[in-house]
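Letters A, B, ... mirror the listed sequences (proteins, then strands); counts begin at 1. Everything numeric in this text was worked out from a predicted model, so none of it was measured.
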Amino acid sequence: MKFRCERDTLVEALTTAGRATAGRATTPAASGGVRMAVDGNDLRVTGTDLDLTIRVETEVIGLDNGICVVPARLAADIVRSLEPGAVTIEDSDGEVEISAARSRFVVRTLPVEDFPVLVEPAGNHVELDTDKFAEALRQVVRAASTDDARPLLTGVLITRFGDGIRLVATDSYRLALRDMTGAEAVPDGVDELLVPARGLGELQRLIGSSSKEDRPLGLSLADTDATFRVGNTRLTTRLLSGKFPDYQQLIPPGYPSKLLVGRDAILEALRRARLLVRDNTTPVRLSMRPGTLEISVSSQEVGHESEEIDAELDGEETTVAFNPAYLADGIEAVQGDDVLIETTDSSKPSTVRAPAQEDYRYLLMPVRVS
Amino acid sequence: MVDRAPDELAGGASRPRGAEQSAAPGCSEPPAHTGQEASAGGSSAPMPRVIVHVDMDAFFASVETLDNPELRGKPVVVGGTGPRGVVASCSYEARAYGVRSAMPTFEARRLCPDAVFLAGRYSRYAEVSEQLHRVLATFTPLVEAIGLDEAFLDVSRPVGRSLPPHELAAAIRRDVVEATGIECSVGVGTSKLIAKLASEAAKPPVVPPGSTTGGAAGMASPASPGIMVVDPAQEIEFLHAHHVGSLWGAGPATVRRLEDLGVHSVGELAAVPLDILQRRLGAASGAHLYRLSRSMDERAVVANRRAKSLGHERTFPADMSDPDALRFELARMVEAISERLVAEGLHAGRLTLKVRFADRQTITRSRALSPATCSARVLRALGTTLLGDVDISRGVRLLGVAAGNLTRRSASFRQLALSEAQVTRGASRRRKAASAGTASAGTASAGTASAGTASAGTASAGTASAGTARSGPGEAWQEEGAGDPEAWQAVEGAIGRVRVRYGQGALGPLSLLSKNGIDMARQGESQWGPGEGET
């Protein structure tokens with residue numbers, strides 16, 4: 001195998017594919033290696049941990065067809081450190097030579113046969129609106145659990161809803177829900193998908209780093225995995241199986257208190273309050289009064305803080321305490337200048353959303369202060 | 001008195017000087033419990049405390065002998081081997097030649113030229129010390145370590161076994177000897193002073209003359225080797241037979257002044273009026289010795305070690321492959337761990353399961369607990385899940401479980417879960433039912449807890465109310481242990497209070513009920529025992 005390409009192109013390919021190797025170790029080659037395959041002028045760089053696979057395709061000057069597996073992290077670091085310009089990669093008998101300008105690295109490769117055999121994605125295919133889907137991911141993925149002990153909650157539910165789809169994620173303390181009318185993401189014959197949030201997080205990153213003109217987003221679905229295609233990059237994630245908790249009964253039919261507040265103002269206030277919160281178990285207290293929202297935090301070991309910001313209250317005065325990180329997460333996810341915080345009482349879920357829209361809702365349970 | 005740096009030798013007791021005046025309860029370090037708290041209930045008529053002093057015999061020398069059996073029976077001296085070296089520890093064989101701790105090494109060489117002189121290995125002694133404290137911690141959280149080889153325990157309100165003092169002392173000594181392989185002496189009294197003097201009296205005798213502990217030998221020889229329990233009724237008599245030099249705070253200069261007064265024994269000291277003592281020794285020192293001579297020593301046992309993890313493990317007499325039996329063992333251990341977490345006000349952030357198979361291959365499985373908890377129910381559920389993922393078909397030789405990532409409980413905040421939003425409508429009713437259930441469980445056991453078998457009734461009361469709490473919707477949200485957390489908290493809080501009051505076996509899950517009462521893992525029932533240490 002031998003090819004030549006621009007340094008930055010190769011760095012990009014190696015780091016992107018390498019991100020899929022960051023998960024759980026499987027075989028030695030797969031745990032830390034990326035596979036480079038040259039066919040004509042096509043280079044494919046693949047990284048996988050079996051749960052998540054990322055494959056980047058890019059055009060290079062192919063000099064010799066072939067395949068080799070290189071240590072992902074090391075190869076990316078080496079190429080990144082080279083002088084800008086053309087890089088030449090050539091493998092021979094258990095080693096790969098990486099050279100540019102007057103630098104020359106020779107690195108041991110990993111056995112190609114140890115790299116997992118990956119199936120080509122097949123099955124149903126749908127096209128997605130890249131920008132809308134990326135925004136929905138931004139709003140929802142944050143609420144998913146990262147606790148492997150609760151595998152179902154580490155996934156984002158993508159389900160049919162009306163004439164579109166709905167994305168839902170929860171870690172059991174908060175729940176983010178986004179409806180996309182008219183969008184297709186669930187191919188015919190499938191009711192819902194439970195996609196690991198980790199894979200979707202990587203997808204978000206891929207979309208974000210791809211150039212504007214190069215980002216049609218496609219989804220192919222097989223029995224046990226889903227493959228997203230962004231431009232020339234492919235991301236395959238294993239699907240979770242199981243019954244996502246019934247979230248619909250949680251959404252209260254109405255709220256006695258509705259508070260309208262500036263998004264930036266409350267985010268700034270929370271940022272200040274969080275200076276006194278060391279472990280995120282100390283809640284911030286929101287006292288909602290006509291015309292004012294008082295935000296206060298009190299930490300036994302550190303000190304206390306309070307401030308008032310302008311707000312419009314529709315309904316009963318109330319006080320409720322939240323985990324400040326969870327609250328800020330929900331508010332950040334809202335689009336627009338204002339957020340509406342709807343509250344029942346200090347022991348029932350509150351909702352954070354944009355005032356005029358109901359397509360995004362963030363349900364958050366309070367912290368009980370006793 | 002053994003294994004002590006010379007500067008700590010001045011008084012009879014071995015607390016560093018700076019700390020001596022701080023007998024008041026307010027002196028406790030932030031995370032510490034104090035014995036004072038435990039008995040502070042009625043200051044008008046305080047319950048007599050039960051203080052245990054554990055002292056390893058010839059600690060450093062014993063560790064050397066343990067690691068090198070060829071030294072057994074020989075005089076062994078550990079200490080500075082250079083020209084200005086001092087003896088840090090010496091075996092009883094060396095003591096027979098007159099060698100003592102804190103003696104210059106050259107003098108020890110003169111007295112006993114055939115002794116084996118060793119420079120000492122501190123890290124190894126620290127290791128054995130760790131084993132010692134692991135065992136001690138199984139008896140009470142109120143353990144005050146003094147150096148590597150000594151500790152005070154306040155067992156006025158035992159966490160685990162509620163045993164008569166003599167049996168408790170025997171259990172401590174047995175567990176320590178079993179875990180460390182080194183003999184120790186255990187003294188029990190109503191104060192640190194008496195406990196300390198008792199452990200000295202329990203030390204193996206040194207044959208030649210000059211023994212400083214000789215004074216006590218006549219009236220109170222240990223009933224069993226290595227153990228001395230001073231009956232509160234005989235405390236004064238026991239104390240008065242000692243030489244004044246054995247009192248904490250009586251250094252060589254003080255002793256000389258007292259001897260000038262014709263005062264040698266503590267009994268003679270007690271006969272001297274306060275004003276005379278104060279004139280001779282100064283106001284503070286005089287008052288101090290005056291009080292000690294009357295056995296007035298209120299110094300609290302201040303827990304100064306903090307557990308990093310709490311665990312139990314058990315090697316089975318025969319390999320086990322029955323999942324039900326293993327789950328039962330797990331439940332026993334978890335129950336005991338939970339009880340200690342509750343008693344110490346700790347929450348566990350991680351649970352680790354350890355399994356050693358018949359072929360001795362050992363695996364551990366660990367998982368984070370979020371939120372951190374002390375709930376036996378939650379720990380048991382997670383432990384059971386971890387155990388369920390282990391293939392036990394080849395037979396399990398040892399099962400262990402440890403709670404790690406311990407944090408001090410902050411009871412004031414609790415992040416509510418979405419699943420609780422579902423329960424809210426019926427919750428207050430259910431909560432009342434649950435707390436009513438435990439309240440009656442509490443009173444039921446109040447009447448009957450002393451009888452071992454009576455706990456049958458209370459156990460079912462506890463589980464009955466727990467059952468009420470379980471029947472909430474929203475199970476899909478919580479993979480394990482669904483239910484109304486508030487109700488469960490009330491149930492477990494009540495169980496904790498009953499246990500604190502009536503002892504470990506007073507209340508427990510029905511599944512652990514046997515004909516002998518609640519079959520909970522006993523602290524220190526196997527050699528690893530529960531303990532602190534990293535997981």
Side-chain angles (χ1 to χ4, degrees), chain A residues 143 145-153 168-177 242-252 277-285 297-301 320-327 344-351 362-370, chain B residues 30-31 347 349-353 365-373 378-379 381-386 388-389 405 407-428 430-431 472-482 484-487 489-490 493:
Chain A
S145 174
T146 52
D147 182 0
D148 284 337
R150 314 187 72 180
L152 285 179
L153 301 187
V168 190
T170 178
D171 64 0
S172 85
Y173 305 115
R174 66 251 176 86
L175 178 140
L177 181 155
K243 183 94 190 79
F244 196 76
D246 180 11
Y247 62 91
Q248 296 189 33
Q249 54 174 344
L250 295 176
I251 303 166
V277 175
R278 281 193 176 157
D279 49 2
N280 266 331
T281 58
T282 308
V284 286
R285 206 182 293 246
V297 61
S298 170
S299 160
Q300 220 170 5
E301 305 93 60
V320 58
F322 294 110
N323 173 323
Y326 290 173
L327 180 61
T344 303
D345 63 32
S346 59
S347 64
K348 296 205 181 63
S350 294
T351 297
Y362 182 87
L363 248 69
L364 173 59
M365 281 302 278
V367 172
R368 171 161 294 168
V369 180
S370 50
Chain B
H347 271 175
R350 178 164 285 278
L351 191 76
T352 303
L353 184 77
R365 294 286 178 267
S366 180
R367 203 174 268 179
L369 284 156
S370 175
T373 184
V378 175
L379 294 173
L382 180 54
T384 308
T385 306
L386 291 173
D389 289 342
N405 219 339
T407 49
R408 209 132 281 279
R409 190 162 53 213
S410 67
S412 41
F413 308 127
R414 193 171 69 83
Q415 168 71 54
L416 302 177
L418 285 161
S419 54
E420 296 173 60
Q422 290 304 294
V423 194
T424 9
R425 197 178 306 150
S428 56
R430 213 168 7 251
R431 204 164 296 138
E475 287 93 280
W477 287 96
Q478 292 181 322
E479 275 92 326
E480 51 227 13
D484 179 351
E486 301 273 311
Q489 223 170 9

Exercise. With a 4.5 angstrom heavy-atom cut-off, could you sort out which part of A/Ser346 is near chain B: side chain, backbone, both or neither?
Key: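 The answer is the backbone of A/Ser346.
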Quiz item: Can you check whether A/Pro283's main-chain N or O pairs, donor with acceptor, with B/Gln415's side chain at less than 3.5 Å?
Solution: no
Quiz item: What distance separates B/Leu418 CG from A/Thr170 OG1, expressed to the nearest 0.5 Å?
Solution: 5.0 Å
